[in-house]
Undergrad: 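Got a structure for you, written out below as structure tokens; questions coming shortly.
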Amino acid sequence: MASTTLRTHRCGALSRADVGSKVRLGGWIHRRRDLGGIVFLDLRDRDGLVQLACNPLWTPAAALTLAASVGVESVVLVEGEVTLRDEPGRDPKLASREVEVRVSRLRMVGAAATPAIPVARREGEELAAEELRLQYRVLDLRRPELQANLIMRHHLLQRARRTLSDLGFLEIETPILTKPTPEGARDFLVPSRVHPGECYALPQSPQIYKQLLMMSGFDRYFQIARCFRDEDLRADRQPEFTQIDLEASFVAEADVLAVVEAVLRDQWAEAGHLVAVPFPHLTHREAMERFGIDKPDLRFGLEITDLSDRVGPGAAPFVHDALPRNGRLRGIVAEDTALSRKEIDSLADAAKSAGAGGLLWARFEDAGWEGQGVKAFGPELLAQTVVPSGAMLLAVVGADAMTSPALHAVRTRLAQRPGIIFPGRHAFAWIVDFPLFEQDQSTGEWVFTHHPFTSPHPDDIEFLETEPWRCRALHYDAVYNGNELGSGSIRITDPVIQATVFRFLGISAEEQRNRFGFLLDALASGAPPHGGFALGFDRIAMLLAGASSLRDVIAFPKTTAARALFEGAPITVSAKDLAALHLRTLGKETG
RNA sequence: GGGGCUGUAGCUCAGCUUGGUUAGAGUGCCGCACUGUCACUGCGGAGGUCGCGGGUUCGAGCCCCGUCAGCCCCGCCA
């Protein structure tokens with residue numbers, strides 16, 4: 001497959017089996033070792049490295065001269081014979097380390113300027129600054145680590161297509177130029193030249209289109225969909241990203257989950273990991289109660305417990321004061337942890353930066369409870385708390401909205417201690433029964449937790465008109481080792497329920513028509529029950545590649561300021577180009 | 001929108017605590033030597049707007065203010 005007019009093999013593909021054969025290779029000079037009379041070159045391509053041996057015994061003088069002067073990262077074409085090496089190369093990962101190519105012809109085809117950032121690093125040498133890696137992305141992408149990441153990404157994509165196609169899903173593309181959506185994330189807008197003052201938006205997800213496809217009878221749809229959101233970035237968030245997007249008709253929640261489990265099981269298998277299905281289920285309420293977060297890391301315990309009803313008269317006044325005001329005393333028992341004072345401070349910092357006023361702690365020793373929190377907890381609580389010697393009680397008092405994130409932060413920090421998380425564990429879980437609506441912390445307004453097409457839980461329909469905040473949703477998240485991999489839901493197909501949801505959210509009938517008229521009409525034209533899911537593919541690739549940033553599994557990523565350093569986007573456009581789009585800029589100071 | 005960290009040779013970093021002679025190291029690059037290396041080795045050499053702008057000072061890589069860029073986090077991400 002690697003054979004072309006110019007070459008017979010890839011460098012890294014050569015092995016013992018090729019000994020004795022004449023080969024032609026093309027690749028990049030990775031390193032040069034010039035010993036005077038003889039020269040060794042490491043030649044690299046996407047399969048790996050092979051050593052080229054240039055020796056006057058078999059290499060013509062001109063080729064030897066070139067070998068002695070060729071710069072690293074230059075592209076050469078080589079002819080020679082594969083021979084067994086007396087001593088194999090030292091890199092045990094290289095399949096080609098047992099052989100070398102005795103060079104009989106060498107031709108420079110792509111001379112390289114001295115690389116601005118190193119491709120071949122010395123042992124233990126740090127990577128160049130990420131800014132430079134992104135600026136010289138062509139060089140950075142030559143590094144074997146990034147080559148491996150993108151090759152794995154390819155295999156994962158092909159596997160996702162195969163899994164879903166085998167399950168009867170049809171890959172259907174949806175538009176990139178779409179209609180702006182006023183809620184949700186900020187849209188990237190594309191001004192129309194033909195229609196002055198009007199804009200398209202790039203899709204935040206193919207959500208509505210895939211539902212329309214269900215109304216059209218396509219039954220099972222999927223797409224490897226590029227999505228765009230104009231929000232501030234993180235290590236695990238890019239302005240454009242890839243989802244494995246799917247939707248199916250005549251399904252209930254369990255059907256969608258089974259499909260997604262198959263996709264995830266196969267993705268992990270593609271990366272060499274066997275994972276068991278089905279995944280355990282956890283309700284949203286339970287996840288928040290036991291782990292303080294809706295994407296708990298289930299690789300370890302350290303669960304949160306409610307200590308409120310153990311609080312006795314001897315507890316500190318501020319604990320008593322907090323309890324009647326919707327507050328609870330919640331904590332984590334950490335067993336057998338000889339935490340230093342510094343580590344405890346670090347846990348307290350974690351709790352504080354998550355919004356807690358402070359972290360209460362007490363340690364149980366042979367002599368009894370000791371620590372800063374003993375007085376706060378009071379004797380009654382401590383007497384009822386039976387723990388092994390050396391264990392520690394870490395707690396926070398207040399409203400759940402504060403204690404949950406604080407204790408999640410403490411739990412996560414505790415798990416960084418060695419021995420808490422066994423490496424190689426794959427803790428998948430479904431989080432189900434999310435609330436349909438949640439209250440905006442700053443404005444107090446009710447907003448949808450997921451999106452307004454998510455179906456209420458059938459058991460809670462009765463509350464929709466009277467106590468909508470009690471409604472659970474047929475919404476589910478896939479969680480892996482504390483990461484959200486994706487989410488989905490069963491959609492509303494009853495126009496009456498859809499109108500009720502819109503009304504509760506304060507969207508008028510007129511607004512409903514303007515924004516979602518096409519969807520409402522489609523629902524009224526014969527809608528099958530349907531639901532679906534979207535998996536964050538970049539994040540999956542990142543986790544399976546063992547990368548710490550999305551940028552290491554995307555060929556040309558943006559910076560945290562959403563700039564493309566390699567090609568230099570975005571740029572200021574000319575007044576003429578703006579005029580063609582009927583636009584004028586306000587300038588930086590007023591913008 | 002807010003907070004934190006970083007910015008010194010092509011690259012990775014030291015120097016800043018306590019302002020003071022000519023800003024150092026490793027690597028890469030260039031030159032010379034070297035016939036079995038694999039992070040080749042040895043010798044020599046070149047290479048610096050100390051991110052940018054302003055200020056304090058007799059004097060600023062170092063102190064102060066601003067600004068730009070990258071990274072991390074909060075807000076945000078239906």
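Note on naming: letters A, B, ... go to the chains in the order of the sequence lines (proteins, then strands), and numbering restarts at 1 for each one. These numbers come from a predicted model, not from an experiment.
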Undergrad: May I ask you to decide if A:Pro144's main-chain N or O and A:Gln147's side chain share a donor-acceptor pair within less than 3.5 Å?
TA: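 Pair absent, no side-chain N/O of A:Gln147 close to backbone of A:Pro144.
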Undergrad: For RNA chain B, determine which residues of residues 136-150 of chain A have any heavy atom closer than 4.0 angstrom to one of its atoms, and list them numerically.
TA: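 Contacting residues: none.
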Undergrad: For the pair A:Arg539 (side chain) and A:Asp236 (backbone), establish whether a donor and an acceptor sit closer than 3.5 Å, ignoring hydrogens and angles.
TA: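 Yes.
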Undergrad: So A:Gln135, base contact, sugar-phosphate only, or nothing? Heavy-atom distance under 4.0 Å.
TA: nothing
Undergrad: Do the side chains of A:Glu98 and A:Arg16 get close enough for a salt bridge, i.e. N-O under 4.0 angstrom?
TA: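 The answer is yes: the pair qualifies as a salt bridge.
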Undergrad: Would you mind classifying the nucleic acid contact of A:Ala561 as base, sugar-phosphate or nothing, using non-hydrogen atoms under 4.0 angstrom?
TA: sugar-phosphate
Undergrad: Which listed nucleotide (B:G36, B:U12, B:A69) is nearest to the side chain of A:Ala129?
TA: B:U12
Undergrad: The side chain of A:Glu231 is closest to which nucleotide in this list: B:C76, B:G70, B:U37?
TA: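 So the side chain of A:Glu231 is nearest to B:C76.
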Undergrad: Using the P atom on both, measure B:G2 against B:U67 and round to a whole Å.
TA: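 10 Å, rounded to whole Å.
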Undergrad: Can A:Glu125 and A:Arg122 be counted as an ion pair, charged N to O under 4.0 angstrom?
TA: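 Salt bridge: no.
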Undergrad: With sequence neighbours left out, what residues match A:Leu64 under side chain to side chain contact (heavy atoms under 4.5 Å, CB included)?
TA: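 Testing A:Leu64 for side chain to side chain contact (heavy atoms under 4.5 Å, CB included), a comparison that skips the adjacent residues, returns A:Cys54, A:Pro56, A:Thr59.
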Undergrad: A:Arg229 side chain: which of B:C71, B:G36, B:C77 is closest?
TA: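 In terms of side-chain proximity for A:Arg229, the closest of B:C71, B:G36, B:C77 is B:C77.
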Undergrad: So if I define the base as every atom that isn't primed, P, OP1 or OP2, how would nucleotides 48-53 of chain B read as a B/S/- string at a heavy-atom cutoff under 4.0 Å?
TA: ------
Undergrad: Under the rule for side chain to side chain contact (heavy atoms under 4.5 Å, CB included), what residues qualify as partners of A:Thr493, not counting sequence neighbours?
TA: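 By the side chain to side chain contact (heavy atoms under 4.5 Å, CB included) rule, A:Thr493 matches A:Leu523, A:Ala527, A:His530.
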Undergrad: Name all residues meeting the ring-ring contact (aromatic ring centres under 6.0 Å, His included) criterion together with A:Tyr476; count only those two or more places apart in sequence or in a different chain, and write none if there are none.
TA: A:Phe533
Undergrad: Tell me yes or no: between the side chains of A:Arg31 and A:Gln51, is some donor less than 3.5 Å from an acceptor?
TA: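 There is no such pair (donor and acceptor under 3.5 Å, judged by atom type) between the side chains of A:Arg31 and A:Gln51.
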Undergrad: Taking atom C1' in both B:U57 and B:G19, what distance in whole Å separates the two?
TA: 9 Å
Undergrad: Within a radius of less than 6.0 Å around OH of A:Tyr136, do more than 12 heavy atoms belonging to other residues, nucleotides or ligands occur?
TA: no
Undergrad: Within residues 81-91 of chain A, find the residues that approach RNA chain B with a heavy atom at under 4.0 Å, and present them sorted by residue number.
TA: A:Arg85, A:Glu87, A:Pro88, A:Gly89, A:Arg90
Undergrad: Suppose we call a contact any N or O donor and acceptor under 3.5 Å apart; does that hold for the side chain of A:Arg551 and the base of B:C71?
TA: no
Undergrad: Any salt bridge linking A:Arg133 with A:Asp552? Criterion: basic side-chain nitrogen under 4.0 Å from a carboxylate oxygen.
TA: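 The answer is yes: the pair qualifies as a salt bridge.
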Undergrad: B:U37, B:A39, B:A69: which one has an atom nearest the side-chain heavy atoms of A:Phe40?
TA: B:U37
Undergrad: Out of B:C77, B:C38, B:U35, which has the shortest distance to the side chain of A:Ala185?
TA: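 Closest of the options to the side chain of A:Ala185: B:C77.
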Undergrad: With rounding to the closest Å, how many angstrom separate the P atoms on B:A14 and B:C73?
TA: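 Roughly 23 Å separates the two P atoms.
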Undergrad: Taking the C1' atom of each, how far is B:C63 from B:C16, in whole Å?
TA: 10 Å
Undergrad: In chain order, what residues pass the side chain to side chain contact (heavy atoms under 4.5 Å, CB included) check against A:Arg413, with sequence neighbours excluded?
TA: A:Ser346, A:Leu347, A:Ala350, A:Gln416
Undergrad: Provide, to the nearest angstrom, the distance between the CG atom belonging to A:Asp34 and the P atom belonging to B:A39.
TA: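 About 16 Å, once rounded to whole Å.
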Undergrad: With a 3.5 angstrom cut-off on both distances, give the Watson-Crick or G-U wobble partner of B:C29, or none if there isn't one.
TA: B:G45
Undergrad: Mark yes or no: A:Arg137 above the aromatic ring of A:Phe566, with NZ or CZ under 6.0 Å from the six-membered ring centre and no more than 45 degrees from the axis.
TA: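 No, A:Arg137 does not lie over the aromatic ring of A:Phe566.
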Undergrad: Please figure out whether A:Gln204 or A:Ala116 has its closest RNA chain B nucleotide nearer the 5' end.
TA: A:Ala116
Undergrad: I'd like to know if A:Arg44 pairs up with A:Glu73 as an ion pair, taking the criterion as any Lys NZ or Arg NE/NH1/NH2 lying under 4.0 Å from an Asp or Glu carboxylate oxygen.
TA: yes
Undergrad: Inspect the contact between A:Arg513 and A:Asp521 and indicate whether a charged nitrogen and a carboxylate oxygen are less than 4.0 angstrom apart.
TA: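 A:Arg513 and A:Asp521: salt-bridged.
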Undergrad: Contact class for A:Leu57 (heavy atom, under 4.0 Å): base, sugar-phosphate, or nothing?
TA: nothing
Undergrad: Can you tell me the distance, in whole Å, between the CD atom of A:Glu126 and the C1' atom of B:U12?
TA: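 In whole Å, B:U12 C1' and A:Glu126 CD are 7 Å from each other.
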Undergrad: Heavy atoms only, 4.0 Å cut-off, all strands: where does A:Ser205 land among base, sugar-phosphate and nothing?
TA: base
Undergrad: Taking only N/O atoms, report every protein-nucleotides 25-30 of chain B pair under 3.5 Å with atom names and distance.
TA:
| residue | atom | partner | partner atom | Å |
| --- | --- | --- | --- | --- |
| B:U27 | O3' | A:Arg122 | NH1 | 2.9 |
| B:G28 | OP1 | A:Arg122 | NH1 | 3.1 |

Undergrad: Scan residues 481-502 of chain A for pairs that pass ring-ring contact (aromatic ring centres under 6.0 Å, His included), counting only residues two or more places apart or in two chains.
TA: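 Output for this query lists A:Phe502-A:Phe516.
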Undergrad: Taking the P atom in each of B:G10 and B:G54, what is the distance between them to the nearest angstrom?
TA: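 To the nearest whole Å, 23 Å.
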Undergrad: So with a 6.0 Å cut-off around CZ of A:Arg121, is the heavy-atom count from everything else above 12?
TA: yes
Undergrad: Considering only the C1' atoms, how many Å lie between B:U22 and B:C11, rounded to the nearest integer?
TA: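 Roughly 25 Å separates the two C1' atoms.
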Undergrad: Which of residues 480-504 of chain A have a heavy atom under 4.0 Å from RNA chain B?
TA: none
Undergrad: Restricting to pairs with a member in residues 475-490 of chain A, which pass salt bridge (charged side-chain N to carboxylate O under 4.0 Å, His left out), not counting sequence neighbours?
TA: none
Undergrad: Within the 4.0 Å heavy-atom criterion, would you say A:Leu233 contacts the bases, only the backbone, or no part of the nucleic acid?
TA: nothing
Undergrad: If you check every side-chain atom of A:Arg237, which of B:C77, B:G36, B:A39 has the closest atom?
TA: B:C77
Undergrad: A:Gln51 near the nucleic acid: base, sugar-phosphate alone, or nothing, with a heavy-atom cut-off under 4.0 Å?
TA: base
Undergrad: For the P atoms, the ones on B:G47 and on B:G31, what distance do you get once it is rounded to whole angstrom?
TA: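 Pairwise P distance, B:G47 against B:G31, rounds to 16 Å.
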Undergrad: Do the side chains of A:Arg229 and A:Glu240 get close enough for a salt bridge, i.e. N-O under 4.0 angstrom?
TA: no
Undergrad: Listing time: all N or O pairs from protein to nucleotides 1-7 of chain B that are below 3.5 Å?
TA:
| residue | atom | partner | partner atom | Å |
| --- | --- | --- | --- | --- |
| B:G1 | O6 | A:Asp232 | OD2 | 3.3 |

Undergrad: Quick one: A:Asp477 CG to B:C77 P, roughly how many Å, whole number?
TA: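 Roughly 15 Å, once rounded to whole Å.
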Undergrad: Looking at A:Thr560, I'd like to know whether one of its side-chain N or O atoms comes within less than 4.0 Å of OP1 or OP2 on B:G70.
TA: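 No, outside the criterion.
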Undergrad: Quick check on side chain to side chain contact (heavy atoms under 4.5 Å, CB included): which of A:Thr449, A:Leu474, A:Thr454 does A:Phe434 satisfy it with?
TA: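 Of A:Thr449, A:Leu474, A:Thr454, side chain to side chain contact (heavy atoms under 4.5 Å, CB included) with A:Phe434 is met by A:Thr449 alone.
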Undergrad: Taking the same atom, P, in B:U6 and in B:A25, what whole-Å distance lies between them?
TA: 25 Å
Undergrad: Are the charged groups of A:Glu247 and A:Arg491 less than 4.0 angstrom apart, N to O?
TA: yes
Undergrad: Using the side-chain heavy atoms of A:Arg563, tell me which of these nucleotides is nearest: B:U35, B:C38, B:G70.
TA: B:G70
Undergrad: Is there a donor-acceptor pair closer than 3.5 Å between any side-chain N or O of A:Asp433 and the backbone N or O of A:His284?
TA: no
